There are 2 protein chains.
Amino acid sequence: MQKGGAVMAATLQTIADELGVSRSTVSNAYSRPDQLSPDLRARILATAERLGYSGPNPTARSLRRGKVNAIGVLLTDNLSMAFTDPYAVAYLRGLAEAASARETSLLLINLPTDEAAGRRVVSNAAVDAFCLYCVPDWHGALELVRQRGVPIVIGEDPNAFGPDASYVGIDERAAARRLGEHIVNLGHRDIAIVAHWIVDGGVTGEVSADPDALRYYVTGERVRGFRDAFTGAGLPWDRVRLINAAANHREEGAAGAAHALDRHDRATAILCTSDVLALGVLDALRVRGLTPGRDVSVTGFDDIPDAEVHGLTTIRQPSVERGRLAGELLLDPPEDPAGRRLTLPVSLVVRATTGPNSTKEQS
Amino acid sequence: MQKGGAVMAATLQTIADELGVSRSTVSNAYSRPDQLSPDLRARILATAERLGYSGPNPTARSLRRGKVNAIGVLLTDNLSMAFTDPYAVAYLRGLAEAASARETSLLLINLPTDEAAGRRVVSNAAVDAFCLYCVPDWHGALELVRQRGVPIVIGEDPNAFGPDASYVGIDERAAARRLGEHIVNLGHRDIAIVAHWIVDGGVTGEVSADPDALRYYVTGERVRGFRDAFTGAGLPWDRVRLINAAANHREEGAAGAAHALDRHDRATAILCTSDVLALGVLDALRVRGLTPGRDVSVTGFDDIPDAEVHGLTTIRQPSVERGRLAGELLLDPPEDPAGRRLTLPVSLVVRATTGPNSTKEQS
DNA sequence: TTGAAAGCGATACCAA
DNA sequence: TTGGTATCGCTTTCAA
């Protein structure tokens with residue numbers, strides 16, 4: 001069948017008509033080869049080939065089957081983080097592996113900062129499930145994600161989407177506390193924290209913020225964990241400097257470090273909420289001729305491969321494994337609801353960038 | 001409407017019935033707010049909210065509209081390369097940026113080595129277009145990709161999919177030749193090439209292969225480019241050692257280098273088909289106490305950020321930009337067919353890892 | 001401003 | 001083994 005002289009794309013019907021069989025049969029030729037004679041099937045396939053039929057339309061098939069074989073992954077605006085931070089990359093790889101094992105693809109959805117656009121993108125995403133990771137928790141489009149009614153796995157705030165959502169994460173606060181205690185035990189008192197998303201917006205520099213009111217869950221928990229350690233040791237919290245990094249990039253880590261280093265009362269320890277930021281801080285030290293672990297102690301978070309190379313003290317958390325588990329929870333959810341909420345173990349890895357405070361107490 | 005006591009997911013129809021309006025109207029409330037009174041629209045949205053309607057089903061909408069707002073990206077088995085090689089990551093980022101600007105997502109499709117599975121995955125992929133990059137050219141599922149009849153952009157073999165496919169790439173062979181000439185001009189005669197996918201399969205080690213018969217286009221062209229340089233200088237090709245890397249990973253680069261270094265007639269220059277492999281070669285040199293550029297010259301390909309850090313001599317080619325162009329070609333194809341085939345410029349970046357041959361000629 | 005009708009392209013049950 | 005029929009959920013003219 002053609003229309004107006006233009007060649008219409010072939011469909012199941014085209015093939016069926018051509019051969020005088022029913023669409024069901026043609027469909028079976030593709031989806032259930034055992035349901036028809038090899039002979040007929042061969043004829044159908046040959047005709048399809050001849051007519052340039054590209055096989056069953058995936059969208060139509062998905063509509064009918066109620067399944068699209070895709071997991072939606074929401075990413076921060078401009079994808080910078082997902083493709084830049086080795087930890088996130090490893091996480092994605094694990095997710096992709098789990099998905100791939102089930103012939104499922106990953107739909108990478110770049111969530112625009114603009115709310116309306118964000119909602120549009122989310123509502124157009126044809127996916128069987130969503131994986132939420134490194135997403136600004138406060139984005140209005142996340143509400144839509146929940147409304148979509150598909151399974152969700154989250155990696156950050158365990159309570160963000162209610163008890164129905166699966167969860168694969170770590171105890172962020174306890175992990176940070178361990179780092180903080182390590183630093184306190186080394187005698188440090190002049191401490192700076194370099195963190196991404198303490199405040200929204202693109203500023204890198206010192207900010208003042210209430211740790212109990214940070215909007216980004218992960219940063220909030222980690223900062224609170226640091227505070228737990230400090231106050232537990234009798235160290236007044238208002239003595240700690242909070243430095244916001246405009247992005248989770250190495251360069252921002254270096255820029256942020258400047259605010260802790262280039263002043264008379266220089267910090268003797270800088271805690272970062274990611275290894276990537278910490279590597280930037282190390283860059284800043286190098287430029288200034290300071291030795292990490294001796295002049296200034298530095299800690300990261302994640303334990304990416306480069307952390308070991310640079311001797312960075314950090315928290316090791318599962319990466320590929322964590323992504324893989326997230327994917328499995330989505331695709332093969334365990335019967336037991338408790339099995340859908342996983343808190344993974346972490347460990348403190350002490351390397352060369354932390355050492356005893358060598359300066360004399362200043363106040 | 002319910003069925004058998006189970007709550008059915010709400011659809012447009014559910015809302016329409018509830019309010020006694022037609023589905024068209026409900027549809028308009030979502031897709032064309034200007035087509036109905038604000039009042040009615042508000043009532044519809046409120047009812048939808050109350051009934052837990054998640055908004056128009058993306059799959060159904062895509063079927064109807066004939067567009068899914070997604071670009072399919074085929075990736076090598078296990079995604080290792082896409083997420084591991086900084087060059088590929090940058091390319092993907094550019095692609096994602098172009099897509100995102102048009103509210104389009106990226107469907108990352110992991111192409112299983114298994115042919116049947118590969119075909120299944122490709123035929124189920126609901127996408128408006130395909131981007132082919134770093135894909136094993138010989139995979140049978142690629143045939144299906146072409147049959148799908150959607151726009152394609154390729155980044156490797158410009159002739160792989162006929163003249164209809166868009167193309168954004170570089171002159172691989174000429175680029176490699178420049179590297180080869182650089183090395184030859186420095187007086188090197190004992191040369192090894194470390195390359196990914198010279199032969200298929202997981203072996204890392206010396207292989208013998210005819211440069212004119214390599215199955216992977218990119219490696220083939222680069223190896224032929226090296227040969228052009230050597231034979232142009234009167235250097236017999238059979239003196240060059242070909243070392244296959246099992247994967248495009250730093251570790252494999254190091255492993256491959258061993259085959260060129262741990263022998264009496266050690267190579268004085270090692271050319272790699274990617275920076276990632278070259279960094280591995282540098283690792284291998286370090287372990288052996290050899291100095292790059294003095295004891296052994298090393299070259300890479302791509303000019304990833306780490307290349308500069310390590311002083312690697314390499315070919316610089318556009319990365320983010322190249323991905324962005326690929327996305328734009330797919331989403332906003334220029335009228336002029338010639339505009340859909342872009343060969344981008346590259347440059348030779350000479351740094352510290354190459355230097356004059358300091359050993360005396362051995363034969 | 002609202003609605004009726006006609007698909008979009010395929011799948012799956014149940015008969016024949 | 002093959003075919004008929006009823007959807008899947010939505011969009012889009014075209015009329016009213």
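Everything numeric here is computed off the predicted structure, so don't read it as measured data. Below, chain A is the first sequence line, B the second, and so on; all start at residue 1.
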> Which residue pairs pass the salt bridge (Lys or Arg N to Asp or Glu O under 4.0 Å) test with at least one member in residues 330-344 of chain A, sequence neighbours excluded?
Replying inline: A:Arg102-A:Asp332
> Can you tell me if the side-chain N/O atoms of A:Thr11 get under 4.0 Å from OP1 or OP2 in C:dG9?
Replying inline: no
>> Determine whether a donor-acceptor pair (one donor, one acceptor, N or O, separation below 3.5 Å) exists between the side chain of A:Ser24 and the base of D:dG4.
In response: yes
> A:Glu49: what forms a side-chain contact (heavy atoms from CB on, under 4.5 Å) with it, not counting sequence neighbours?
Replying inline: B:Gln147
>> With salt bridge (Lys or Arg N to Asp or Glu O under 4.0 Å) as the rule and sequence neighbours excluded, what pairs involving residues 19-40 of chain A come up?
In response: A:Asp39-A:Arg43
Just distance, no hydrogens or angles: give the donor-acceptor pairs under 3.5 Å from side chains in residues 64-71 of chain B, sequence neighbours left out.
unit_1	atom_1	unit_2	atom_2	d
B:Lys67	NZ	B:Asn69	OD1	3.0

> What pairs of residues pass the ring pair (Phe, Tyr, Trp, His ring centres under 6.0 Å) test when at least one of them lies in residues 138-168 of chain A, not counting sequence neighbours?
Replying inline: A:Trp138-A:Trp197
> Got a sec, which pairs hit salt bridge (Lys or Arg N to Asp or Glu O under 4.0 Å) with one end in residues 120-135 of chain A, sequence neighbours left out?
Replying inline: A:Arg120-B:Glu103
> Got a sec, which residues hit ring pair (Phe, Tyr, Trp, His ring centres under 6.0 Å) with B:Tyr30, two or more places apart in sequence or on another chain?
Replying inline: B:Tyr53
> Can a donor-acceptor pair be found between the side chains of A:Arg61 and B:Ser123 at a distance below 3.5 Å?
Replying inline: no
>> Considering only residues two or more places apart or on different chains, which pairs with a residue in residues 133-145 of chain B satisfy salt bridge (Lys or Arg N to Asp or Glu O under 4.0 Å)?
In response: B:Glu143-B:Arg146
> Any salt bridge between A:Arg93 and A:Glu97, counting N to O under 4.0 Å?
Replying inline: no
> Under a 4.0 Å heavy-atom cut-off, which of residues 25-46 of chain A touch DNA chain C?
Replying inline: A:Ser27, A:Ser31, A:Arg32
>> In whole Å, I'd like the distance from the CG atom of A:Leu12 to the P atom of C:dC8.
In response: 13 Å
>> The side chain of B:Val21 is closest to which nucleotide in this list: C:dT11, D:dG3, C:dG3?
In response: C:dG3
> CG of B:Leu19 versus P of C:dT2: gap in Å, rounded?
Replying inline: 12 Å
> Out of C:dT11, C:dA4, D:dG9, which has the shortest distance to the side chain of A:Arg65?
Replying inline: C:dT11
>> Does C:dT11 have its OP1 or OP2 closer than 4.0 Å to a side-chain nitrogen or oxygen of A:Arg61?
In response: yes
> Who pairs with A:Tyr133 by ring pair (Phe, Tyr, Trp, His ring centres under 6.0 Å), at least two apart in sequence or on another chain?
Replying inline: A:Tyr91
> Just how far, in rounded Å, is C1' of C:dA10 from CD of A:Gln13?
Replying inline: 11 Å
>> When you measure only distances, ignoring hydrogens and angles, does the side chain of A:Arg64 come within 3.5 Å of the base of D:dT7 through a donor and an acceptor?
In response: yes
> Quantified as the angle between the terminal helix axes (five pairs each), what is the overall bend of the helix from C:dT1-D:dA16 to C:dA16-D:dT1 to 10 degrees?
Replying inline: 30°
> Among residues 48-56 of chain A, which residues get a heavy atom nearer than 4.0 Å to DNA chain D?
Replying inline: none
> Can you tell me how far C1' of D:dT12 sits from CG of B:Leu63, to the nearest Å?
Replying inline: 14 Å
>> Could you tell me how far apart B:Arg23 (CZ) and D:dG9 (C1') are, to the nearest whole angstrom?
In response: 8 Å
